[in-house]
K.L.:
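For reference, the structure I am asking about is given below.
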Amino acid sequence: MSLTTDFIVIGSGVAGLRASIALASTGARVTILTKDKARESNTEYAQGGVAVVLSEDDDAELHEGDTLIAGAGLCDEEAVEILVNEGSRYIRELIDWGTEFDKEGGKLVFTREAAHSRRRILHAHGDSTGAEFVRSLIARARLEPSINLLPFANTESLIVQHGRCIGVRYLDPILRAPREVVARAVILCTGGAGQLYQHTTNPPVATGDGMAMAYFAGAEVADMEFVQFHPTALSLENAPRFLLSEAMRGEGGILRNLQGERFMGRYDERLELAPRDIVSRSIVAEMRRTGSRHVLLDMTGLDAAFLKTRFPKIYETCRVYGLDISKDQLPVSPASHYCMGGVRTDLWGRSTLPGLYAAGEVTCTGVHGANRLASNSLLEGLVFGARAGEAAAKDNVEFRISNFEAGKSENVSAVGDPRLSISTAVKKRVKRAMWERVGILRDEESLQRAITEFEQIAASNLSTSSRNFVTLALLIARAALWREESRGGHYRTDFPEPSEDWKVHSIQKLGAEIRSEEKIDPSGEAAATRAL
Ligand code: FAD
Ligand code: SIN
């Protein structure tokens, strides 16, 4: 049985909620399908804050410059300009909608994070910025009667007919049966894929489904090799890799090895506030040098009362594990955190498949290049979520679904059993191989071995979810093998330097060899096929 709506948005993080609000403001009916409860997303767990140019000593050019440096030569400058110039408008709007950022004496307070030349990070409730975003965006979305949110609706494939995405197939949460919804356009806002790795800061929903669905539907994905590893996740046996925000180092936290030495000076003059990829690799080097499984984050030089109010969530969570952040040195090690790569889009969220749009972490707009600047991602979700919603509404005013044939799709991923979630065995094998062979340090041999293993898994009889999962691992490993240099989040021990020849983006498409492009924005090529 199929349902019809005007627009489908998949995912209820910052990008999905903001895109839905933009669509609803045009009077369109919007159906949000989301995998778990409405609040569950990477957005909900964002700690450090949102980078935005609002303080008196800051300007958009400085924010742009910091973003470009972090992106290691692969940012799309136009995309970055949109982010830094439009960002403040969207944050002001969010404040008007009731988002409560932390203030002192009635003024917004800004913190600092790695690789930012100014204090420009707004935060909420100390270290619960993402939860405040979700709270206020859900409250705002509830004011729109044309938005209908379906929780626990796991989407597994896109419906493609006559070369256009016209809907999705999802699992009805009550009937446990596959269902189809068709619409004028679909906006993917399914977030990242941290769960591909054994150690991650991401919640269980972050399995990268949207990237795999888009790929199987025929859309291009870009820069999949660039994965960001956050340097400081809590590292305790049998405990999740809970994030210890970069803002802790921004406020003066120090990294020490198990001998108590402050070691970052050996690796980078910016010390603890060097870009994330450098801090993560330095920690790995130090762990290897000292034969340890973690290093220590030392906050003991800061005032206990300040720490308790500045990082209340982190303080409480560490307490549960018997650690007092004002007295104890905290065991930390890197964990997978963010995907710079994803569905290739133009600056309005249009993918290369007509009818399919995308926004947020699931995309590659070129805004982050080879490495994302801390706290740029909540801002990206707002700015590009709104733009994708606006573009989808405008582009598809006249489109009508005719001759939709239920149960039929040109999308080959529709063949697995959609009722099954990712098998535990597949998850375990993929996560381990990704961590050990496609992780912070990679080389040709490790990547070849990972690819062989993933190809074996992919050749077996899999559910749609399992196939999506292993395919995404393959896309990352193949791109990492293809890129014979080191840049940003991608570090090849056999090619440790960046190379001018590789200042290009990797593009992958179903049925085609991996290829390079100078620009992420596919507007030129896609414009012809986008005509209704
Ligand atoms: P998400 O917020 O991840 O939302 C994705 C949505 O899609 C979810 O609702 C999910 O349930 C749904 N979904 C996924 N698959 C499916 C499916 N198959 N069917 C239906 N629904 C699906 N960034 C910052 O800028 N500042 C920070 O301080 C910061 N801190 C972070 C801390 C942590 C612990 C983590 C994990 C990330 C942090 N980030 C931070 C990154 C940032 O939170 C994310 O990149 C951003 O929130 C992504 O937003 P999104 O809307 O694209 O995706
Ligand atoms: C953090 O608080 O360290 C995470 C910030 C981010 O990922 O942008």
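Indexing begins at 1, ligand by ligand and atom by atom, following the structure's order.
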K.L.:
Using distance alone, determine whether Glu246 and ligand 2 share an N or O pair under 3.5 Å.
P.N.:
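Yes: some nitrogen or oxygen of Glu246 is under 3.5 Å from one in ligand 2.
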K.L.:
If we ignore hydrogens and angles and just use 3.5 Å, is the side chain of Asp223 paired with the main-chain N or O of Gly341 as donor and acceptor?
P.N.:
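No, because the side chain of Asp223 does not come within donor-acceptor range (under 3.5 Å) of the backbone of Gly341.
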K.L.:
Using a strict 4.0 Å cut-off to heavy atoms of Arg372, name the atoms of ligand 1 that fall inside it.
P.N.:
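Contacts of ligand 1 toward Arg372, numbered from 1: 23 (N), 24 (C), 25 (O).
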K.L.:
Just jot down the ligand 1 atoms closer than 4.0 angstrom to any heavy atom of Asn376, in number order.
P.N.:
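Listed by number with element: 25 (O).
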K.L.:
Is the closest N or O pair between His337 and ligand 2 shorter than 3.5 Å?
P.N.:
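Between His337 and ligand 2, an N or O pair is found under 3.5 Å apart.
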K.L.:
For ligand 2, is there an N or O atom under 3.5 Å from any N or O atom of His230?
P.N.:
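Such a contact does occur with ligand 2.
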K.L.:
Should the proximity of Leu243 to ligand 1, defined as any heavy atom under 4.0 Å, be assigned to the side chain, the backbone, both, or neither?
P.N.:
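The answer is the side chain.
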K.L.:
Show the atoms of ligand 2 that are less than 4.0 angstrom away from any heavy atom in Ala374.
P.N.:
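Selected atoms, number and element: 8 (O).
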K.L.:
Check for me whether the distance between the ring centres of Phe229 and Tyr197 falls short of 6.0 Å.
P.N.:
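Yes, ring centres under 6.0 Å apart.
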K.L.:
Is the shortest N/O to N/O distance between Lys35 and ligand 1 below 3.5 Å?
P.N.:
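Min N/O separation from ligand 1 is below 3.5 Å for Lys35.
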K.L.:
Which ligand 1 atoms does Glu40 reach within 4.0 Å, using its non-hydrogen atoms?
P.N.:
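Those qualifying, in numeric order: 8 (C), 9 (O), 10 (C), 11 (O).
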K.L.:
I'd like to know whether ligand 2 has Ser377 as a neighbour, heavy-atom separation below 4.0 Å.
P.N.:
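It does not, in that no heavy atom of Ser377 comes within the 4.0 Å cut-off of ligand 2.
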K.L.:
Taking only heavy atoms of Gly191 into account, list the atoms of ligand 1 that are under 4.0 Å away from them.
P.N.:
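So the atoms of ligand 1 that pass are 3 (O), 5 (C), 52 (O), 53 (O).
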K.L.:
Before you tell me yes or no, could you show the steps for Asp66 and His116 under side chain to side chain donor-acceptor pair (under 3.5 Å), namely the whole-Å CA-CA distance, both residues' side-chain angles and the distance that decides it to 0.1 Å?
P.N.:
CA-CA 6 Å; Asp66 293 344; His116 284 275; 4.6 Å; no
K.L.:
For Ser12, counting its heavy atoms only, list the atoms of ligand 1 lying under 4.0 Å from any of them.
P.N.:
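Listed by number with element, the hits are 6 (C), 8 (C), 9 (O).
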K.L.:
Determine whether the side chain, the backbone, both or neither of Gln47 has a heavy atom under 4.0 Å from any heavy atom of ligand 1.
P.N.:
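The answer is the backbone of Gln47.
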K.L.:
Looking at Tyr90, does the NZ or CZ of Arg387 lie under 6.0 angstrom from its six-membered ring centre and within 45 degrees of the ring axis?
P.N.:
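No, cation not above the ring by the 6.0 Å, 45° rule.
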K.L.:
Under 4.0 Å from ligand 2, counting heavy atoms only, is it the side chain of Arg276, its backbone, both or neither?
P.N.:
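The part of Arg276 near ligand 2 is the side chain, not the backbone.
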K.L.:
Quick one: look at Asp209 and ligand 1, take heavy-atom pairs under 4.0 Å, and tell me if it's side chain, backbone, both or neither.
P.N.:
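Just the side chain.
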K.L.:
Would you mind finding which of Thr43, Leu149, Asn154, Val134 brings a heavy atom closest to atom 2 (O) of ligand 1?
P.N.:
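Ranked by closest heavy atom to atom 2 (O) of ligand 1, first place is Thr43.
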K.L.:
Heavy atom of Leu243 under 4.0 Å from ligand 2?
P.N.:
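It does; at least one heavy atom falls under 4.0 Å.
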K.L.:
Show me the pairs that pass ring-ring contact (aromatic ring centres under 6.0 Å, His included) and involve residues 358-377, at least two apart or across chains.
P.N.:
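Only Tyr338-His368 qualify under ring-ring contact (aromatic ring centres under 6.0 Å, His included).
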K.L.:
Below 3.5 Å, N or O to N or O, backbone or side chain included: is there any such pair between Leu244 and ligand 2?
P.N.:
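No, there is no polar N/O contact under 3.5 Å.
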K.L.:
Is Gln228 close enough to touch ligand 2? Criterion: a residue heavy atom under 4.0 Å from a ligand atom.
P.N.:
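In this structure, Gln228 fails to qualify as a contact of ligand 2 - no heavy atom is under 4.0 Å.
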K.L.:
Which ligand 1 atoms does Leu33 reach within 4.0 Å, using its non-hydrogen atoms?
P.N.:
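Counting atoms of ligand 1 from 1, those under 4.0 Å from Leu33 are 20 (C), 21 (N).
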K.L.:
At what distance is the nearest protein heavy atom to atom 2 (O) of ligand 2, and which residue and atom is it?
P.N.:
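The closest heavy atom on the protein side is Ser245 OG, 2.7 Å.
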K.L.:
So if I count the atoms of ligand 1 from 1 in the order they appear, which ones are less than 4.0 Å from some heavy atom of Tyr338?
P.N.:
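What qualifies from ligand 1 is 45 (O).
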K.L.:
Under 4.0 Å from a heavy atom of Thr155: give me the atoms of ligand 1 that qualify, with their elements.
P.N.:
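Those qualifying, in numeric order: 17 (C), 18 (N), 19 (N), 20 (C).
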